[in-house]
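First the structure, in the form of structure tokens, and then the observations on it.
Atoms within a ligand are numbered from 1 in the order they appear, just like the ligands themselves. Bear in mind that the values here come from a model prediction, so they are computed numbers and not experimental data.
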Amino acid sequence: MDMAYVHVDGAVKFFSREDGAGMLVLDHVSFDTKENGVTCLLGPSGCGKSTLLNAISGLERLEQGRVEVVSDHGRATTLSPQLGYVFQDPRLLNWKRVEDNLIFALKGMEVPQAEWKERIHKYLGMVGLLEFRKQYPLYLSGGMRQRVGLARGLVIEPEVLLMDEPFSKLDQFTARKLREDTLAICARLRQTALLVTHDVEEAAYMGDRIVILSARPAHVAEILDNPLPPLERELDDFGFIEFKKRLLQSVLKLMEEEVRA
Ligand SMILES: Nc1ncnc2c1ncn2[C@@H]1O[C@H](COP(=O)(O)OP(=O)(O)O)[C@@H](O)[C@H]1O
Ligand SMILES: [Mg+2]
């Protein structure tokens, strides 16, 4: 099993506004993700979470600081770490069958063709969609499409899986089931993952580690490790509710400070 984590050190990012003025989005953000676990980035809408993911994936350049995926032998690389993505919208190729969407990702990562079949079986099976492999995405429900997105993120066996609010467009029931399944899959694979969310309960449920971000410009307000192992988190369990409350208190305190500032 590969080991990997993300190291973010003093990340600073500005965007220029229409009027040409600079807008600070990331204000010296520093944290390490959990190795072989799920780290949640929890913060309000517009604070800079997606920007931070884009910086990690190399889509956005930072003005200061650095992001690294540190893998295996402590060898740091900012060059081309293997990253899988799951977005809010699954962003599937609707004219390609489910399995061809996965193959597209495998080709992109130059995975040898001899491995495709096994990989597709493994990861489509994991998300429960093996029997839909010949289907076109438009004939699937929103939740199923999101599952295909998850399988596509996993099929390349990424060092780090990046998930940007992957449940936020689903209805409550579908979202709950998909969170449960995603958590179990990540735990089983010991997948290093970074999940962006604005939902306190989701962070408490999904995160082995939770990085609380302030409103824009985002800075790290607090980093908390989940006392409960992933498969022992139950939404109605006392220990889980205690931790969720702890997280909520930090978020409320931060909001109060922001009002006063
Ligand atoms: N390419 C861009 N150019 C200018 N402003 C941007 C760009 N991308 C994001 N922003 C702004 O940066 C801030 C943070 O955006 P984002 O990272 O998408 O927030 P979040 O994902 O936390 O909701 C927002 O105010 C957004 O409008
Ligand atoms: Mg976002």
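A donor and an acceptor atom, one from each side chain of Ser141 and Arg145, are nowhere located under 3.5 Å apart. Judged by distance alone, the side chains of Asp27 and His219 never bring a donor and an acceptor atom under 3.5 Å apart. Side-chain contact check for Asn54 and Thr51: no donor-acceptor pair (N or O, by modelled atom type) lies under 3.5 Å. Side-chain atoms of Gln88 and Ser168 include a donor-acceptor pair closer than 3.5 Å.
At a 4.0 Å heavy-atom cut-off, the residues surrounding ligand 1 are Phe15, Met23, Val25, Pro44, Ser45, Gly46, Cys47, Gly48, Lys49, Ser50, Thr51, Arg216, listed by chain and number.
For residues 83-125, the ring-ring contact (aromatic ring centres under 6.0 Å, His included) pairs, not counting sequence neighbours, are Tyr85-Phe87.
Although no hydrogens or angles enter the test, the distance criterion places no donor-acceptor pair under 3.5 Å between the side chain of Thr39 and the main chain of Thr33.
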*Just do the salt bridge (Lys or Arg N to Asp or Glu O under 4.0 Å) check on Arg66 and Glu68 with the steps written out, would you?*
CA-CA 7 Å; Arg66 63 205 170 110; Glu68 291 175 343; 2.5 Å; yes

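Here the protein contributes Ser50 OG as N, O or S atoms under 2.8 Å from the Mg ion (ligand 2).
The salt bridge (charged side-chain N to carboxylate O under 4.0 Å, His left out) search around Lys169 returns Asp89, not counting sequence neighbours.
The shortest heavy-atom contact between Pro44 and Lys49 is O-NZ, 2.9 Å.
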